[in-house]
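Note that this is a predicted model, so its numbers are computed, not measured. Remember, it's 1-based here, ligands and their atoms both numbered in the order they're listed.
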Amino acid sequence: MQRRVLVATSNPGKLRDFAGAAEPYGITIAAIPHFSSLPPVVEDGATFEANARKKAEAYSLAVPGELVLADDSGLEIDALGGAPGVHSARYAAEEPHAAESNADDEANNARVLRELAGVPRERRAARFVCVLAVARDGQTLQTVRGTAEGLILAAPRGKNGFGYDPLFYFPQIGRTFAELSPAEKSRYSHRGAAFRAFLSWCATAHLTG
Ligand code: IMP
């Protein structure tokens with residue numbers, strides 16, 4: 001039974017979250033060694049699944065025989081036809097379809113607020129989506145998805161988290177994601193839900209090899 005999973009990220013926060021959640025399952029989470037020196041994968045897929053698979057497959061070739069986990073995530077706003085979606089990280093960049101351009105969180109949030117100006121609360125529904133792909137030796141073994149349903153406020157609230165968290169109001173607990181502790185966020189978030197689905201898959205999959 002393979003009990004070690006390498007995550008395709010250089011983000012220590014994400015690693016800590018994943019490692020903490022995996023520990024009770026007896027699964028060890030670590031970063032791919034020398035991740036930042038590997039050639040970057042261009043995230044130009046049309047869906048979260050396509051990008052997560054592309055990353056997991058490419059990075060798994062760098063660590064033969066290891067299970068590699070990659071994630072892709074973003075925000076879908078119903079009133080904007082699902083935008084920013086796979087363009088979430090670079091929504092405010094001059095050219096949203098230029099797959100390699102990035103814009104910072106504040107500018108992305110400002111664009112969302114501009115585009116939703118005048119849209120009433122009942123039409124501001126949105127969801128965060130996270131797709132995780134697990135691959136070995138260049139082949140995806142499984143993808144899992146987690147979502148969190150909420151709505152976009154007219155002004156930011158809260159100082160925690162990152163990205164669109166200050167705009168994302170989660171009615172279930174009456175707070176934005178930027179008003180949650182890391183433990184609370186992992187309990188309610190799309191990323192937490194996807195990771196729990198991944199852990200259930202690990203518990204049942206036959207991961208020998
Ligand atoms: P990536 O999958 O790490 O590339 O993230 C894509 C983008 O989606 C991020 O840069 C954020 O703008 C947004 N995003 C994804 N997950 C979250 C979250 O949990 N909170 C806020 N923004 C998020």
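Nearest non-hydrogen protein atom to atom 5 (O) of ligand 1 is S73 OG, 3.4 Å. Protein heavy atom at the shortest distance from atom 3 (O) of ligand 1 is K14 NZ, 3.2 Å. Counting only heavy atoms of the protein, atom 8 (O) of ligand 1 lies nearest to S88 CB, 3.3 Å. Taking atom 16 (N) of ligand 1 as the reference point, the nearest protein heavy-atom neighbour is R191 NH2, 2.9 Å.
At least one heavy atom of H190 sits closer than 4.0 Å to an atom of ligand 1. Between F177 and ligand 1 there is no heavy-atom distance shorter than 4.0 Å. By the 4.0 Å heavy-atom criterion, G74 is counted among the residues contacting ligand 1.
Side-chain N/O atoms of R191 and S186 include no donor and acceptor closer than 3.5 Å.
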Worked verdict on E115 versus Y91 for side chain to side chain donor-acceptor pair (under 3.5 Å): CA-CA 12 Å; E115 297 200 342; Y91 196 44; 2.6 Å; yes

Decide salt bridge (charged side-chain N to carboxylate O under 4.0 Å, His left out) for R127 and D78; before the verdict, give the C-alpha distance in whole Å, the side-chain angles of both, and the deciding distance to 0.1 Å. CA-CA 8 Å; R127 76 202 48 77; D78 292 349; 3.1 Å; yes

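Those atoms of ligand 1 with a heavy atom of D165 less than 4.0 angstrom away are 18 (C), 19 (O), 20 (N), 21 (C). Counting atoms of ligand 1 from 1 in the listed order, those under 4.0 Å from a heavy atom of D72 are 2 (O). Residue G163 approaches ligand 1 through these ligand atoms, each under 4.0 Å from one of its heavy atoms: 21 (C), 22 (N). Counting atoms of ligand 1 from 1 in the listed order, those under 4.0 Å from a heavy atom of K185 are 18 (C), 19 (O), 20 (N).
Across F168, Y91, Y164, heavy-atom proximity to atom 11 (C) of ligand 1 is greatest for Y164.
Between E49 and R145, the closest heavy-atom pair is OE2-NH2, 2.8 Å. L199 approaches I27 most closely through the heavy-atom pair CD2-CD1, 3.9 Å.
If you look at F128 next to ligand 1, the close heavy atoms, those under 4.0 Å, all belong to the side chain.
When F48, F177, Y188 are each tested for a ring pair (Phe, Tyr, Trp, His ring centres under 6.0 Å) with F128, only one passes: F177.
Residues K159 and E179 form no side-chain contact, since every pair of their non-hydrogen atoms from C-beta on lies 4.5 Å or further apart. Contact annotation: the side chain of F170 never approaches that of L151 to less than 4.5 Å [non-hydrogen atoms, C-beta and beyond].
For K55, no nitrogen or oxygen atom sits less than 3.5 Å from a nitrogen or oxygen atom of ligand 1, counting backbone and side chain alike.
We find that D44 and K54 are joined by a salt bridge, their nearest charged nitrogen and carboxylate oxygen being less than 4.0 Å apart.
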